[in-house]
Amino acid sequence: MHYWLMKSEPDEVSIDDLAAAPGQSVPWFGVRNYQARNFMRNGMAIGDLAFFYHSGCAEPGIAGICEVCSEPYPDDTQFAPDSPYFDAKSDREKPRWWLRDVRFVSKTRYLPLAELRRYPELANMRLLARGNRLSITPLSADEWAFINRRLAEN
DNA sequence: GCCAACGTTGGC
DNA sequence: GCCAACGTTGGC
């Protein structure tokens, strides 16, 4: 079992959108970074849990929890010329970009990035590393447990 | 294989 | 809107 943090722009897919989706699950489309792709394709397993993080908004932070619920498969948007995620260099024989489906688990209290930064226990968290831009990052079991305790407060 | 230029991410 | 940091591209 591994733990993850997955960023989504709430304008595109928010935690509420995930909860309202058919089957309460969505394909995690649009990842165009090899490291993040490798985490999804090779690092994840069905049943892994992830924090659902809102980024690119006024106050970024953790908004809920989701669960990996499919094996990896090619991201369709890479083949759609009218999609912002279209990749002309990918082809169906050998797709570049892979994704998994994630399913809604719960909505949490909103835990802002600024609060995450205040906890010394999270000093080594990948998300908080200087200049980090990865949209999918792993968490240690300790980090996962610590954040869950903070979420249970208030 | 190096590295400069460029485009993108994402917090502020 | 700004800009620091990063990943990718492509010329050499």
Side-chain angles (χ1 to χ4, degrees), chain A residues 2-21 25-44 48-68 72-102 104-140 142-144 146-151 153-154:
Chain A
H2 288 102
Y3 301 101
W4 309 92
L5 183 141
M6 302 174 74
K7 296 181 186 173
S8 182
E9 300 193 6
D11 284 353
E12 191 153 35
V13 183
S14 70
I15 188 73
D16 291 328
D17 294 333
L18 179 62
S25 78
V26 297
W28 204 263
F29 63 90
V31 168
R32 296 293 179 270
N33 169 285
Y34 289 104
Q35 215 177 335
R37 179 206 65 183
N38 292 344
F39 283 144
M40 257 198 298
R41 191 180 58 180
N42 313 327
M44 289 180 173
D48 278 3
L49 294 169
F51 290 123
F52 191 107
Y53 178 94
H54 286 179
S55 73
C57 52
E59 190 179 34
I62 291 172
I65 294 174
C66 59
E67 153 188 38
V68 175
Y73 63 96
D75 180 345
D76 273 341
T77 63
Q78 71 195 298
F79 306 123
D82 54 340
S83 166
Y85 301 112
F86 178 64
D87 183 349
K89 292 178 180 169
S90 186
D91 69 276
R92 289 184 183 275
E93 299 305 307
K94 206 164 179 279
R96 265 192 188 182
W97 306 112
W98 295 70
L99 53 67
R100 291 182 187 245
D101 294 342
V102 303
F104 177 81
V105 171
S106 61
K107 201 169 165 175
T108 63
R109 83 167 167 92
Y110 200 70
L111 201 172
L113 174 61
E115 181 183 338
L116 290 172
R117 288 197 192 284
R118 287 204 293 272
Y119 297 121
E121 292 87 345
L122 302 179
N124 295 324
M125 212 180 148
R126 190 80 172 265
L127 172 79
L128 305 181
R130 186 164 167 272
N132 168 68
R133 280 174 23 190
L134 267 183
S135 62
I136 298 177
T137 50
L139 279 82
S140 72
D142 284 348
E143 289 163 347
W144 176 265
F146 178 83
I147 293 172
N148 270 290
R149 286 195 294 275
R150 300 293 80 75
L151 288 170
E153 298 165 351
N154 306 341

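Bear in mind the structure is a predicted one, so any value in this text is a computation, not a measurement. Here is how names work: the chains are called A, B, and so on, in the same order as the sequence lines, proteins then strands, and each is numbered from 1. Atom set for the values below is all heavy atoms of this structure, side chains included, hydrogens, waters and symmetry mates excluded.
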Roughly, in whole Å, what's the span from [atom1] in [X] to [atom2] in [N]?
{"X": "A:R126", "N": "C:dC6", "atom1": "CZ", "atom2": "C1'", "result": "13 Å"}
{"X": "A:R133", "N": "C:dC3", "atom1": "CZ", "atom2": "P", "result": "17 Å"}
{"X": "A:Q35", "N": "C:dG7", "atom1": "CD", "atom2": "P", "result": "7 Å"}
{"X": "A:L134", "N": "B:dT9", "atom1": "CG", "atom2": "C1'", "result": "11 Å"}
{"X": "A:L113", "N": "B:dG10", "atom1": "CG", "atom2": "P", "result": "12 Å"}
{"X": "A:D87", "N": "B:dG7", "atom1": "CG", "atom2": "P", "result": "17 Å"}
{"X": "A:L128", "N": "C:dA5", "atom1": "CG", "atom2": "P", "result": "16 Å"}
{"X": "A:D11", "N": "B:dG10", "atom1": "CG", "atom2": "P", "result": "14 Å"}

Decide yes or no, distance alone: a donor-acceptor N/O pair under 3.5 angstrom between the base of B:dT8 and the side-chain of A:R32. no
Contact check, side chains of A:D75 and A:R37, non-hydrogen atoms, under 4.5 Å: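 No - every pair of side-chain heavy atoms lies 4.5 Å or more apart.
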With side-chain hydrogen bond (donor to acceptor under 3.5 Å, both in side chains) as the criterion, how do A:S90 and A:R32 come out once you've worked through the C-alpha distance, each side chain's angles and the decisive distance to 0.1 Å? CA-CA 11 Å; A:S90 186; A:R32 296 293 179 270; over 6 Å; no
Map A:R96 and A:G131 onto DNA chain C by nearest heavy atom, then report which one ends up closer to the 5' terminus.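 The residue mapped nearer the 5' terminus is A:G131.
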Nearest-neighbour nucleotide for the A:R130 side chain, C:dA4, C:dG10, C:dG7 considered: C:dA4
Side chain to side chain contact (heavy atoms under 4.5 Å, CB included) assessment of A:W144 paired with A:I65: CA-CA 11 Å; A:W144 176 265; A:I65 294 174; 4.0 Å; yes
Can you find a side chain N or O atom of A:Y34 that sits less than 4.0 Å from OP1 or OP2 on C:dT9?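 So the side-chain polar atoms of A:Y34 never come under 4.0 Å of the phosphate oxygens OP1 or OP2 of C:dT9.
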State plainly whether the residues A:D16 and A:K107 are in salt-bridge range, i.e. N to O under 4.0 Å. yes
